[in-house]
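Report on the following structure.
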Amino acid sequence: MKAVIVGAGRIGCGFAAHQLALSGYDLTVLGRGAALTRLRRHGGFQLDLTDGRSTTSSWIETDAVDSDGEADRVAERIADADLVCVAVGPAALPRIGALIAPGLEQAPRPLDVIAFENLEDAAEVVRDGVRDILGEAADRHGYSGAVVDRVVAQRIMDEDPDEPLRILGEPGGDVAVDRTALHLRFAPVKDMVLAEDFRAQFRSKLFRYSAGHATTAYLGALKGYRYVHAAIRDSEIRPLVRAAMIEGRTGVAYRYGEHVAGEESEIDRIIERFGNAALGDTVVRVGRDVPRKLAYDERLIGAARLAANAGERPVALLRAAATALLAVDIPPQARAARVTIGELTGLGRDHPFSRRLQREVLALASGGDGLMLSLQDGMWAWTAQDEECA
Amino acid sequence: MSIGVVMAQRVPQEASLARQMIALLREWGVTVRMVRTGKGARSLTDLAVVHDMYLLTSGSAHLIAYATALEAAGARCVNTMQVTSTCTDRVRTIGLLAAAGVPVPQSWTAADPAGLAELVQDGPIVLKPAYRTDGPGGQVIWDVDDLIHLPTPAGPILAQRFHPSAHRDRKIYRVGEQVFGVKRTWPARSYADKVGEPFAVDREIRELTDRIGAVLGTDLFGVDMVVVDGAPIVVDVHPFPALAGVPEAALRLADYVYAVNRGTQQPGDTIGGAA
């Protein structure tokens, strides 16, 4: 069996390639730049999986093709594959259709394309991109998103090209794909769950795990921590993260059922995973791409809306969202305007959440570019304002 | 990842910042070893640099000398020994700051307290040993009688004009790009006095720490400050921030040390994100 992985990044190499290699697939990674050079030179990469106590290293063999400069080989490999996996990040995803369309057109049989992106409509984005090139012929192939339950924190490239690419992540973790959208002619992949209710699975992860991760990152940044594992140790942040995840879980349970929402004890296990220092995961990495993470259906606002539908007041989720709003790169006065909040979150200016967010942003904005010492007391370590020394 | 903490005592006190920080770093998978100088002889000719990084949280002249030798042998120190040595010498530190235009109180140095009699005529002064390793100092001399009854100091002294507001002084801590402030009553008469009360540092004080950091070449230090007529004045600089009174002090310091050790301490690195 052969698989093509589009993207030589953290998830492409650190999860998709690993699971496929364990399942006996021959791999081709489509990449570019320094990562491609190293994959070619070494014929693979090193994968280190650590739970903070012990680390397991393995070598993943893979062929590599230049996604920018070898269009014919890209098409040839895709046409010859049994499965295509995409992991390029949300920003690059709309351009992937054009890259894989020639190969899909040449494929002698329907293929499945799985987008390993933390994006609810990732499958649609890829399919639409392919449709732009192939028209209705795109629809003979299957397209699914993927819910990956593994943090892959770092892709490490030493300055020395003689050193192979190294990927650092946490062990274990399964992946859920949309059974209803795929042809499933590929051989079983280790730890791949074929979900009938993919959207429910996606939101269950997004509104619990991702909401908690984002809350840790935004509150952590507000309080001046550099690392996720440090932020989650803070005596004020940890309970707020847990509260945000409980709120998210309540919404998921209400909408999709308790069996999808999972036990509350799962939340504590997830929080323990956030404390895995060996990943070296920073609040900057986890929190970046703020506008996307603040969107209407996303981990904070989407989770808050669903929680409210379930009768839960999403206090912690909205607090995290307000903190995230501080990080959006717009003038401070615009940031606190309800119309801006309404647009950024998709809630509209008159939504009750927009009012609440405005209040929170105004309170937080008083600190300027400062660092918050205490969330409970609203105390800043420093402020941008000049104050009388008394 | 391994860190050597250079210290005199075998185990830091239970509630100490160093002990809590070390516990966190160990929990995060960092190998932390105490490098004790003890009272015995330590070889200088075959010093082994065995840790990725060294940290000196406090110390005697002997500790600083040993850490300086370690650094000379190639050890990477979080707080460089040049900065530590400078801050250990109060006269040198205040002189450097004054020359750079950082506001400091009127200050003098003398080999013998008797030479300060004339200054006391103009108002009270505070005496401190020139070398931090000779003691904390901070004795207020109100009149010549106080001078007469002073024990003979171990070495040269630093004298600074005493301001009544010094009873309510400010401890300012710089950790990387971050600044923390604590108001404290001096001298401390209770635990609450000793711990103090955090306050929001304003722009003026923050910029002052930028200037001090630039003069001394460090972003890890503590500052004793008093406010006179509404303006902050620097009375002392410590080569390591004690962070007493700062919420989650050990966690913050461990986060910083971890980042320095990984080489990912990047001031100004923010989440950002265009709308």
Side-chain angles (χ1 to χ4, degrees), chain A residues 50 52-53 55 217-218 220-221 223-227 229-231 233-237 275-278 280 282-294 324 326-330 334-335 340 343-344 367-371 373-374 377 379-390, chain B residues 1 24-30 165 168 170 172-173 175-183 197-207 209 225-233 245-256 258-260 262 264-266 268-275:
Chain A
T50 176
R53 291 178 292 277
T55 301
Y218 294 127
K223 292 196 76 174
Y225 296 107
R226 297 157 182 84
Y227 291 99
H229 64 253
R233 283 295 300 255
D234 182 282
S235 58
E236 291 185 316
I237 293 177
N276 182 354
T282 63
V283 297
V284 170
R285 189 197 78 77
V286 175
R288 72 188 171 197
D289 199 2
V290 189
R292 180 172 71 83
K293 288 171 181 167
L294 270 174
L326 291 184
V328 181
D329 195 12
I330 51 176
R335 209 179 281 148
T340 311
E343 281 174 12
L344 278 169
D369 65 346
L371 171 160
L373 267 185
S374 165
D377 303 333
M379 177 184 287
W380 295 89
W382 68 81
T383 66
Q385 286 87 24
D386 287 316
E387 287 177 349
E388 183 72 14
C389 290
Chain B
M1 192 189 287
L24 282 165
L25 289 170
R26 283 178 171 159
E27 197 178 300
W28 295 343
V30 180
S165 59
R168 185 89 170 130
R170 286 162 166 74
I172 309 296
Y173 305 113
V175 180
E177 76 281 18
Q178 301 178 352
V179 184
F180 306 96
V182 174
K183 289 179 183 173
E197 174 193 356
F199 73 100
V201 171
D202 67 13
R203 181 186 293 171
E204 186 179 12
I205 291 179
R206 199 169 173 216
E207 287 174 357
T209 67
M225 213 174 251
V226 294
V227 176
V228 178
D229 298 330
I233 291 179
V246 176
E248 309 279 9
L251 185 58
R252 293 180 183 286
L253 192 60
D255 187 45
Y256 168 82
Y258 192 89
V260 172
R262 289 184 71 105
T264 52
Q265 157 66 7
Q266 293 167 349
D269 196 3
T270 57
I271 287 172

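Quick note: numbers below take in every heavy atom, side chains included, and nothing from hydrogens, waters or symmetry partners. Each chain gets a letter, A, B and so on, in the order the sequences are listed, and its residues count up from 1.
- Between the CD atom in E248(B) and the CZ atom in R233(A) there is a gap of 9.0 Å [rounded to 0.5 Å].
- For a residue to count as touching a neighbouring chain, one of its non-hydrogen atoms must lie under 4.5 Å from one of that chain's; by this rule V30(B) does not touch chain A.
- Looking at Y258(B), its side chain does come within 3.5 Å of a backbone N or O of A277(A) through a donor-acceptor pair.
- Residue E207(B) holds its CD atom at 13.0 Å from CH2 of W382(A), rounded to the nearest 0.5 Å.
- Interface residue K223(A): backbone and side-chain heavy atoms are both found under 4.5 Å from chain B.
- Closest heavy-atom contact between D255(B) and A230(A): OD1-CB, 3.4 Å.
- Atom CZ of R226(A) sits about 4.5 Å away from atom CD of Q178(B), to the nearest 0.5 Å.
- Contact count against chain B (heavy-atom pairs under 4.5 Å) is highest for S235(A) among S235(A), A324(A), A278(A).
- Counting all heavy atoms, side chain and backbone alike, V179(B) lies closest to A381(A) at O-CB, 3.5 Å.
- For chain B, the nearby part of L371(A) is the side chain; its heavy atoms alone come within less than 4.5 Å.
- Comparing L373(A), V286(A), T50(A) by how many heavy-atom pairs each has under 4.5 Å with chain B, the most go to L373(A).
- With a threshold of 4.5 angstrom between heavy atoms, S374(A) does not approach chain B through any atom at all.
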